[in-house]
Amino acid sequence: MEITIVTDNLTKTFGAFTAVDHISFEVQKGEIFGFLGANGAGKTTAIRILCGLLHPTSGKAEVAGFDVFKHTEKIKKNIGYMSQKFSLYEDLTIRENISFYSTVYGLSDYQIKEKTEQLLTRLQLHSEADKLVHSLPLGWKQKLAFSLALIHDPKIVFLDEPTGGVDPITRRQFWDLIYETADEGTTVFVTTHYMDEAEYCDRISIMVDGKIEALDTPDILKSQFKAATMDEVFYKLARGTSTK
Amino acid sequence: MNSIEINNISKSFGSKKALQTINLNVEAGEVFGLIGADGAGKSTLFDILVTLSKSDSGTARIEGLDVEKDYKKIRKIVGYMPGRFSLYMDLTVYENLDFFASIFGGTIEDNYELIKDIWVQIEPFKDRPAGKLSGGMKQKLALCCALVHQPRVLFLDEPTTGVDPVSRNEFWNMLKNLKRKGITILVSTPYMDEAILCERIALMQEGKIMAIDTPSNITKAFNKPLFSVKSTHQRKLINTLRRFDQAYSCYFFGQSVHLAAKNESVSAKEISDYLNENGHPEIQVAKISAGIEDCFIELMRKTA
Amino acid sequence: MNELNSFIKKEFRHILRDKRALLILFAMPVVLVILFGYAITNDIKDAKIAILDNAHDELSIGLTNKLVSSGYFIQEVSLHTNKELQEVFRDGKIKLAVVFPNRFAESYYHDNKVTIQLIADASDLNSAVALTNYASSIIQDYQKEIVKAPVQKPLFETTVKMLYNKELKGVYMFVPGVLALILMLIACMMTAVSLAREKETGTMRVITVSPLSPMTIIIGKVVPYLVISFIDTLIILVLSVFIFGMPIKGSFLLLFLVCLVFLFAATSLGIMISAFSSTQQIALIVSIVILFLPTILLSGFIYPIENMPLALQIVCQISPAKWFIEAIKSVMIKGTGFVDVWLQLTMLTVMIIIFVRVSIVRFRKTIA
């Protein structure tokens, strides 16, 4: 199996504070990898490093085959990113958003046209294509934002708490899209607070105070911690350390 | 006695119907949950109840007081925590609490008893600006601020959104303690797993209440046999199951797929045989009882 | 009362903890006054002047030489009649004319009283003022030279005549104008933004769902900015009096009353703006549009209102700054009393009542 993300004793310190403390893990091509941790556990710092936005203090990491020290620009070209806030332009139409993001990633006019069609078909948004994003229901914005993060066919897509606040059916439609993407060979790296969301991932890592304290499939973690739910696993792991 | 009474409340914003004839009673001392996604109308309902906006039609009473006529009296007896923790981020923890105590004409000391359990957890940081606290700490401080005038009814609008599981867990424990002190609590959340922590819940979707009952009664009302099905490949599994002639509905539930069958007669073996025929490896099928989320999905399907 | 106190205390904490706000509140007034002050005092060099010497005696010739050799002035033409004087000004050849009367020396030595007339083109007001000031001081110097004995002699009297802008609008205009601008900025914009911030962060919802009345919230927001902008008023007045020699001819009490009423108008306008804005950004933009345009363009600060078309003149009447600038000018420069500014004060008071009324109605309606 091809490895798309690998870290080896990756560490980031800010002054005396160690935000990321010697983390080592590998993520495979087409895997849905859940990256969990309490507020302040170091998730955000780790993701910033993996996205090429922040230099680590020590250790090694490669994303899509590129070194996080030397080739941050190449990393940026090979990853997609979708955050909770979606980064869609609410005052532009769906079509305009698509063509803007395509341009950002240097797609040619022909490719843009093709991509737009492909995307509208996949999301069944043809009839809405010229409506302002502002008027879309939350669930559709979410799917659109996700598709735009994939517009340049990245090897890895980072999802930062993607499904907060939507109803159970919409959420499942969203996960359907994620599964489809992973099946096509894109690695999906998901951060979330919500354990029910975590259960959809192939494997989960849980960060506590800068360290990865657990890493495995949800089922194995549950049996390992003798817990009925992932929530319980998380609680057992993080208890006492994040109540500071 | 009912602490909160809502009768036929409706509200629209332009052409969007935010609330459609909502009826709801919350008993005194009850922990009542409004469960629904963003845009379901939870916050709109909260705004009306805490006297921040008026309904288009219908009436609502808090502790017997009308939300429109007696809004001044209501404001003295309710505590309100809006969606985002509405703290002054540039003021310290102590200054925030002191300010909220004083605008109700009281002091922290007068009301210390009620907030003591929560306050001791944040007291070590009392000189830190609220903006520099972690999400869980902000949540606790916001709760203290909403409680510092000893309200009889507490309105918590999505208090656990954006907070990690440990803090969420602690938060619900705090609510249990408050209930013991006789405070009525109306709490909203988009997270189904928090529903079972409430005594009664209302499931909301698109401005309507789909069901009101205790969590256990709501799950008991799920009248189809439900199975949890696992195999190695999620997407292939669900696609196969959707073609199963006895399948009423199939949805991902984490690592498994929940399959509701059309007939009582369908057995786990029947499903597992069907999957075998279709070449799925490592099949696990178990009959399960429905959770709130299964019920929510089912109610959504029915109302859609 | 206790509630109000703690609200005001909280408000001061916000202000004192925000370094950028402090910079705007206290550094900006000083910088603006100094900037405007120096931008307006231009340097004079080789200005073209005309001499109308009706005397042609030793003193008038000596003084002409003194003026021309100072380096500040160049004698463009010698004139012989008053008619010529009109012409050279109309042609724009010169900026200043010096007129010596008949029997200049004789009058000086025997009548103990003599007047030199300085005529300036006041359409360029700033340089007109500067030129007459320079010329006057050269004339005074010359007089000291010719009085060799320590005999007390009366000074030459210089009379200054401004052409084309007889009332000298704008001479000391910049101080009232800058004062109006800065007070608007602080009292109005800062109030608007700070209230809009509470809406944006959601704290407004919590304090609304408390027994605090809308009036208490409004007063609690107004008082701190009122205090701070009053301190700014003092800073600006002190700077303009001591650095730029702005006179304060009227009573201090009346001056402060005028400032205070204007501050109330500005803060209540700020409250009204915030009542219609849901975010800090909107509040900021609306403040800039509502404040800066009328305060700079429609208040008489830069462009005299009398010269505007009628429609604009009418629009000017609703600019609080217009009334404030009028009132403060008459108190500071003319030294008038309360009777002469009652109209301005009344207009400002009416505006305050309207702003507060509208805000409260609006707050009640859309509380969140």
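These numbers come from a predicted model, not from an experiment. Chain letters run A, B, ... following the sequence lines, proteins first and then strands; every chain starts at 1. All values below were derived from every heavy atom in this structure, side-chain atoms included, with hydrogens, water molecules and symmetry-related copies excluded.
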Main chain of C:Thr208, side chain of B:Arg75: is a donor-acceptor contact present, judged purely on distance under 3.5 Å?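 Here the side-chain-to-backbone pair exists.
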
Determine yes or no for a side-chain-to-main-chain donor-acceptor pair under 3.5 angstrom, with C:Arg17 supplying the side chain and B:Asp90 the backbone.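 Checked: pair present.
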
Is it the side chain or the backbone of [X] that comes within 4.5 Å of chain C heavy atoms, both, or neither?
X       : result
B:Thr92 : both
B:Asn96 : neither
B:Lys76 : both

Going through the distances and angles, do B:Ile103 and C:Ile207 end up as a side-chain contact (heavy atoms from CB on, under 4.5 Å)? CA-CA 8 Å; B:Ile103 61 173; C:Ile207 58 177; 3.7 Å; yes

Heavy-atom closest pair, residues [X] and [Y]:
X       : Y        : result
C:Ser6  : B:Phe99  : O-CD1, 3.9 Å
B:Pro82 : C:Gly202 : CG-O, 4.1 Å
B:Leu52 : C:Val209 : CG-CG2, 3.6 Å

What distance do B:Ser102 atom OG and C:Leu212 atom CG have between them, rounded to the nearest 0.5 Å?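 The distance works out to 8.0 Å.
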
Give the intermediate values and the outcome of side-chain contact (heavy atoms from CB on, under 4.5 Å) for residues C:Thr201 and B:Tyr88. CA-CA 8 Å; C:Thr201 57; B:Tyr88 294 102; 5.7 Å; no

So that I can tick it off, tell me whether B:Glu95 and C:Lys10 are bridged by a salt bridge, with the cut-off set at under 4.0 angstrom between side-chain N and carboxylate O.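 Looking at C:Lys10 and B:Glu95, the cut-off is not met.
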
Which is it for B:Leu91 and C:His14 under the side-chain contact (heavy atoms from CB on, under 4.5 Å) test, yes or no, and what are the steps along the way? CA-CA 7 Å; B:Leu91 299 187; C:His14 289 316; 3.9 Å; yes

